[in-house]
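Below, chains carry the letters A, B, ... as their sequence lines are ordered, and counting in each starts from 1.
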Amino acid sequence: MNEKLLKPYNPQETEDAIYKKWEESGLFNPDISIQKGFTDADAEPFSIVLPPPNVTGTLHIGHASMLAIEDIMVRYSRMKGKRTLWIPGTDHAAIATQSKVEKDLEKSEGKRKHDLGRDEFLKRVEQFAQNSHDTIVSQIKKMGSSIDWSREAYTLDKERNFAVRTAFKRMYDDKLIYRGFKVINWDPKGQTTISDDEIVYVERKAKLYTFKYSKDFPISISTTRPETKVGDTAVAVHPSDERYKQYVGKEYSFDFAGEPVTVKIVADESVDKDFGTGALGVTPAHSLVDAGIAERHNLPMKQVISEFAKMNVEAKNLKGKKVAEAREIIVEWLRTEGLLEDEKEIDQNIATAERTGGIIEPLPKLQWFIDVNKKFTIPHSEISGISSGSVTSLKELMRAAVADNQIKIIPDRFVKVYYSWIDNLHDWCISRQIWFGHRIPIWYRSTSDTAHPEVYNGMEAPEGNGWTHDEDTLDTWFSSGLWTFSTLGWPNKTKDLETYHPTTVLETGYDIIFFWVARMILMSTYLLGEVPFKTVYFHGLVRDAKGAKMSKSLGNIIDPLDMIAKYGADAVRLSLIIGTGPGNDSKLSEDKIKAYKHFANKIWNAARFVLSMTENTSVAEKPDLAEKDAEAIRVFQDTLKDTSSDIESYRFYLAGEKLYHYFWHTFADIVLEESKSTIYNGDEASKKSAQWTLLHILTESLKALHPFMPFVTEEIWSMMPGTDTLLMVEKWPFDKAQGEPS
RNA sequence: GGGCGAUUAGCUCAGUUGGUAGAGCAAUCCGUUUACACCGGAAAGGUCGCAGGUUCGAGUCCUGCAUCGCCCACCA
């Protein structure tokens, strides 16, 4: 017997060596697996992309959980003989990464990005991204992920940039991408636009002021932002509101805190008669709602707040003041003028930027958008409900893709969430005023009409002089939206693309259903005419033992690397799987991880015992079995049958628990204990039967446990008699088609 | 305002199509004779949030309510 087995299991001495063995075998790559004869060349494909971690730092326990779940699916599929491909990669995460580097730069050198200039700053970001990337890769390996490194991708590498430019051009040519002067979400802190989905609402106390613009003005209005009122161009009332009917259509001009203001009274259905005074001061430039009213009534738009969240007006007392200061000044002015009628404290949802925390300042800007409602002709479609050559829209495509279970979502309650998002979906603002990211493939050249320069879109810069490249970059989710097929070589018609797309399953957190999952569906259905994946499996958040979100400030972070160092990756994996259903948050404590370390050791010890008791036994030579042993095997087979169907139905938490329970409390505590007396005292035939049974169940258990605990099972496998190949490419021990263990 | 989820043993959670409640951890007791103390055995622990209803039978289905949590929404 191997001497290593005589000591307790030591994951630290084992795991790196095992991973190296796997990598060197090349068998994470399905092409090599076929070459070496472990996979049939025409076997059913199974493919999955790794949700690319952001290169903003290191992996957290949530990533570890994701890797564990995905690796279980991947290893199971591989053992089932499928052409199994798992593609790794990282995400440049434009805003997140850039703002991280900006912070570091400010902290360490006291510099801003403009002190360095675009090129120099980008070099710094890329250096940072490279370091993060290297850390992330080593962490993914530590978890035991059987992922094909030969196909690794990055959302900002050359191939993906080519895909991005191709996608942009297709959409531009179809007029789905357009440039428009619209009220957008401006993040004054990050100095960029952001999309609706990047807004986080924070509840705060705010003061609701009720006042009149001037003594002669007939209607009182309420607002929490008096400073924006210098930009009002209308007051909107409900058409059926008898109180104000007589004023509709009239126009009033007055001086408001030193600024000349003209408002028109308009009637609009969207106004709530019962809120406040039932009259709404319309500020078209600084509110998305008001911009809508302004559009309906053809009202002028007056920008009064700058990109730095400062007042941009002529009035001397306000000009250049921060919005908060301007608010005070105006409230004070209203008070002295006797115009303020009421102020009361209310709860308000304030919009902040997800990445920088800056308070969103809606303002009008010329930006690039994707039109989600515009009709176009789709040349090719395999989406049911959308035929090739038909006229459709991106919204319709996104809806159709999830209808009829073409994309199955687990748990299915997220289907509703997805649809309601689509129902409320506005055009997607895709341009960002940051430096790190895919540069927008648009060039401008001035013409005699200064307001309308010549615009060019192409794969490369246009010929001729005088062209300037658009300064902006694309929303990071534009490139991640292409991920399922840009990683497979698209827009080239590669064999990978043909074989592995649509991908079999997408496994990711429910928190990025809109950001990422929906955008992948948009891009894939539009560009390929097919769904990006057949199944979406949403995992939940990993919380601490008390159910609190893990965060640096709370100091309750469980670092997966620390845990792996302490308890081994197998234990970490199992602790993240068991008790964790799809779509539900789970709680993790160090005790739980410890418990599964004990399990790894239990397997180890059971293997030692079985091997020491069965030295002349071969699984290939099955003796006549005693009834007791036959029954033990039947029980084991039932377990395999159950766990197989659990895995196929994405119930990994059940499969893991059943295997754990079977191995420990049935195999080790009962089968193995009872075999002792037979082997020590029984007759030759019953001894042989018991020995064979032990070795058989151990052998098959290692296979079944392998997707969950790849390291310890592979290590024991290497010590089993007559095994010269890797456990990771052994056949899964239960075959549904035959209805019995294979 | 709309939607969703959770509520089962002290803690964490199972309970897949309705058939007399389960596991792990913790706590209690016993045990170290030849795989493992990172162990084994035993016992203990729940009116399955509340109130109705459907059913021969409900933790499981329906209705209402409560508490906690999450998501969405342009109520100024």
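- In this structure, A:Ile647 places its CD1 atom 19 Å from P of B:rU16, rounding to the nearest Å.
- Between B:rC68 and B:rC29, the two C1' atoms lie 38 Å apart (nearest whole Å).
- One can place OH of A:Tyr653 at 8 Å from C1' of B:rA14, the figure rounded to the nearest angstrom.
- If you check every strand for non-hydrogen atoms under 4.0 Å, A:Ala236 touches nothing.
- The residue A:Ile293 sits apart from the nucleic acid: no heavy atom pair falls under 4.0 Å.
- Comment: A:Arg399 engages A:Asp423 in a salt bridge, judged by a side-chain N to carboxylate O separation of less than 4.0 angstrom.
- To the nearest angstrom, P of B:rA6 lies 16 Å from CG of A:Leu541.
- Nucleotide B:rG24: paired with B:rC11 (Watson-Crick or G-U wobble, both distances less than 3.5 Å).
- The existence of a salt bridge linking A:Lys587 and A:Asp544 is excluded, since no basic side-chain nitrogen approaches an acidic carboxylate oxygen closer than 4.0 Å.
- Inspection of the A:Trp421 and A:Asp197 side chains reveals an N or O donor paired with an N or O acceptor under 3.5 Å.
- Between the side chains of A:Thr224 and A:Gln348, at least one donor-acceptor pair of N or O atoms lies under 3.5 Å.
- Using a 4.5 Å cut-off on side-chain heavy atoms (C-beta onward), A:Val372 and A:Met398 make no contact.
- Here A:Gly579 lies in heavy-atom contact (under 4.0 Å) with sugar-phosphate atoms only.
- Here B:rG5 is the nucleotide among B:rA23, B:rG5, B:rG24 with the atom lying nearest to any side-chain atom of A:Arg413.
- Nucleotide B:rG19 forms a Watson-Crick or G-U wobble pair with B:rC56, both donor-acceptor distances falling under 3.5 Å.
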In B/S/- notation, 5' to 3', how is nucleotides 37-43 of chain B contacted by protein heavy atoms closer than 4.0 Å? -BSSS--

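- For B:rU47 and B:rG10, the P atoms lie 9 Å apart once the distance is rounded to whole Å.
- The CZ-C1' distance, from A:Phe667 to B:rC36, rounds to 13 Å in whole Å.
- Aromatic ring pairs are classed by plane angle as parallel below 30°, tilted from 30° to 60° and perpendicular above 60°; the pair A:Phe599 and A:Trp664 is parallel.
- Atoms OH (A:Tyr662) and P (B:rA23) sit 18 Å apart, rounded to a whole Å.
- Rounded to an integer number of Å, the gap from NZ of A:Lys592 to C1' of B:rA26 is 15 Å.
- Between the CD1 atom of A:Ile593 and the C1' atom of B:rG24 there is a distance of 15 Å, given to the nearest Å.
- One C1' atom belongs to B:rG59, the other to B:rC48, and the distance between them is 5 Å to the nearest Å.
- For B:rU33, there is no paired base (Watson-Crick or G-U wobble, both distances below 3.5 Å).
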Nucleotide by nucleotide, nucleotides 70-76 of chain B touches protein heavy atoms under 4.0 Å in the pattern (B base, S sugar-phosphate only, - none) --SBBBB

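- Both the sub-6.0 Å distance and the 45° axial angle are not jointly satisfied by A:Lys602 relative to the ring of A:Phe663.
- For A:Asn601 and A:Tyr596, the side-chain atoms include no donor-acceptor pair closer than 3.5 Å.
- Within the shown strands, B:rG3 is the pairing partner of B:rC70 under the Watson-Crick or G-U definition, both distances less than 3.5 Å.
- B:rG15 atom C1' lies 16 Å from atom CD1 of A:Ile578, rounded to whole Å.
- Defined by atom type and a distance below 3.5 Å, a donor-acceptor pair is missing between the side-chain atoms of A:Thr614 and A:Gln691.
- Comparing the P positions of B:rG40 and B:rC25 gives an interatomic distance of 9 Å, to the nearest angstrom.
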Per-nucleotide protein contact string for nucleotides 28-33 of chain B (B base, S sugar-phosphate only, - none; heavy atom under 4.0 Å): ------

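- Contact check, A:Lys416 against B:rG3: no side-chain N or O comes under 4.0 Å of OP1 or OP2.
- Relative ring orientation between A:His665 and A:His661 is described as tilted, the plane-to-plane angle lying within the 30° to 60° band.
- The partner of B:rC48, taking Watson-Crick or G-U wobble pairs whose two distances both stay under 3.5 Å, does not exist in any strand shown.
- Nucleotides B:rG24 and B:rU63 have their P atoms positioned 36 Å apart, rounded to a whole Å.
- When the C1' atom is used for both B:rG49 and B:rU7, the distance is 6 Å, rounded to whole Å.
- Side-chain atoms of A:Ser645 and A:Glu648 form no donor-acceptor pair, as typed in the model, at a separation below 3.5 Å.
- Residue A:Lys587 places none of its side-chain N or O atoms closer than 4.0 Å to OP1 or OP2 of B:rC11.
- Other residues, nucleotides and ligands place no more than 12 heavy atoms under 6.0 Å from the CD atom of A:Glu295.
- When the P atom is used for both B:rA6 and B:rU16, the distance is 13 Å, rounded to whole Å.
- Annotation: cation-pi geometry not satisfied between A:Lys229 and A:Tyr209 (NZ/CZ under 6.0 angstrom from ring centroid, within 45° of ring axis).
- Residues A:Asp591 and A:Ser589 have side chains that never bring a donor and an acceptor to within less than 3.5 angstrom of each other.
- Rounded to whole Å, the P atom of B:rA44 lies 13 Å from the corresponding atom of B:rA23.
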